[in-house]
Colleague: 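I'd like to ask you about the structure that follows.
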Amino acid sequence: MILKLVTVIGARPQFVKAGAVSRAIAHQEGVSEVMVHTGQHFDANMSDIFFEELGIPAPDHHLGIAGGNHGEMTGRMLGGIETILIEEEPDWVLVYGDTNSTLAGALAAAKLHIPVAHVEAGLRSFNRRMPEEVNRVLTDHLSARLYCPTNAAVKNLAEEGIREGVLHVGDVMYDAALDARARVHSGSDILARLGLEPGGYSLASVHRAENTGDAASLRAVIVHLEKVAAERPVVLPLHPRTAQAAYRFGISLGALKVIAPVGYLGMSALLDGCVEVHTDSGGVQKEAYFHNKPCVTLRGETEWVETVEAGWNRLWLVPDYRQPRQPIDEYGRGNAADLIVSDILSVGAWSPSRQAGASVP
Ligand code: UDP
């Protein structure tokens with residue numbers, strides 16, 4: 001029997017994570033994958049380039065849903081995904097991270113009694129004003145298998161009463177980073193094209209609603225980056241949401257080296273060559289560590305607490321103090337995706353109606 005998985009993705013960080021798991025699925029017997037792209041990110045440099053660079057199978061279904069308020073976007077995705085799941089009749093639905101696509105995929109599946117596997121489960125900022133926090137809490141409570149990247153994630157789930165089906169597998173983004181490392185050195189000429197020297201610039205990324213939703217917040221972040229730019233160039237691959245916000249609020253980005261969003265391999269090369277990272281991205285905080293670079297997180301809290309505890313990361317408004325730098329071993333050995341696929345195969349076809357008593361086979 002072939003186990004049929006439907007993967008629901010739609011936003012840039014999910015392409016990176018799903019790339020690692022898709023590769024593991026392709027190497028396993030007895031499992032097939034149907035790819036659903038919700039359309040949340042649709043520009044060529046926010047979507048297509050990741051499919052090409054990471055070898056992700058082209059979407060079998062593309063919903064083309066982007067824009068609108070959170071509720072509207074999630075609701076439209078819910079309807080679209082439900083139709084696909086009724087047609088495809090998968091054994092499992094696989095969702096990633098914390099976007100509206102994640103929640104819509106998990107909720108559509110749960111309503112049809114299709115078990116949900118959540119990759120990157122258990123992360124918490126404890127800030128319910130973040131749309132991502134609402135999405136991840138709800139998704140975790142709908143999931144039958146919860147694949148945690150860190151020990152803190154396992155603990156967070158336990159504190160919410162979720163103990164069954166929880167596995168600490170490591171971080172699929174670490175798998176992706178290791179896979180890209182070999183190819184980046186030979187494959188990307190991005191530094192030369194941008195006129196950058198290795199060790200001669202800082203790298204920044206900004207896209208969170210809390211930093212782009214109002215003029216004062218965005219201005220504070222840009223003032224911070226301008227201070228960094230007084231020391232050395234700051235390269236900022238500009239997220240479309242941040243571009244729109246800067247335009248709307250009349251905030252100049254002229255002191256920064258602004259470039260269009262880059263693909264995963266280009267970003268890996270930029271991470272490799274930079275001195276340090278300033279970011280509000282979840283993924284980029286860890287990637288700074290994967291590339292041995294210190295990080296300043298442009299947020300009031302982080303879900304990736306181990307990066308701070310191990311001295312690689314600090315919150316921007318906390319004084320410039322870091323713990324001595326230590327290696328972080330909880331992200332795994334680069335085989336998180338294999339562990340996930342093996343686990344799903346070992347569980348097999350499973351009906352949530354058997355969840356009574358909260359015992360997952
Ligand atoms: N990324 C990229 N190109 C860019 C900016 C980011 O490939 O121009 C990658 C980054 O390396 C990481 C992922 O996109 O793998 C993170 O996505 P994002 O910051 O949008 O989301 P978050 O991690 O905050 O959910």
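Every number for a ligand or one of its atoms is a count from 1 in the order of the listing. One-based numbering along the sequence shown.
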Colleague: Do H37 and H61 have their ring centres less than 6.0 Å from each other?
Modeller: no
Colleague: Can we call the ring centroids of H168 and Y147 under 6.0 Å apart?
Modeller: no
Colleague: Are F290 and Y331 close enough that their ring centres sit under 6.0 Å apart?
Modeller: yes
Colleague: Is any side-chain heavy atom of L339 closer than 4.5 Å to one of L167?
Modeller: no
Colleague: So, do E210 and D280 sit near enough that their side-chain heavy atoms are less than 4.5 Å apart?
Modeller: no
Colleague: At a 4.0 angstrom heavy-atom cut-off, what protein residues surround ligand 1?
Modeller: R12, P13, V16, F50, M173, H207, R208, P237, P261, V262, G263, Y264, M267, S281, G282, G283, V284, E287
Colleague: Contact between R124 and E159 at the side-chain level, heavy atoms closer than 4.5 Å - yes or no?
Modeller: no
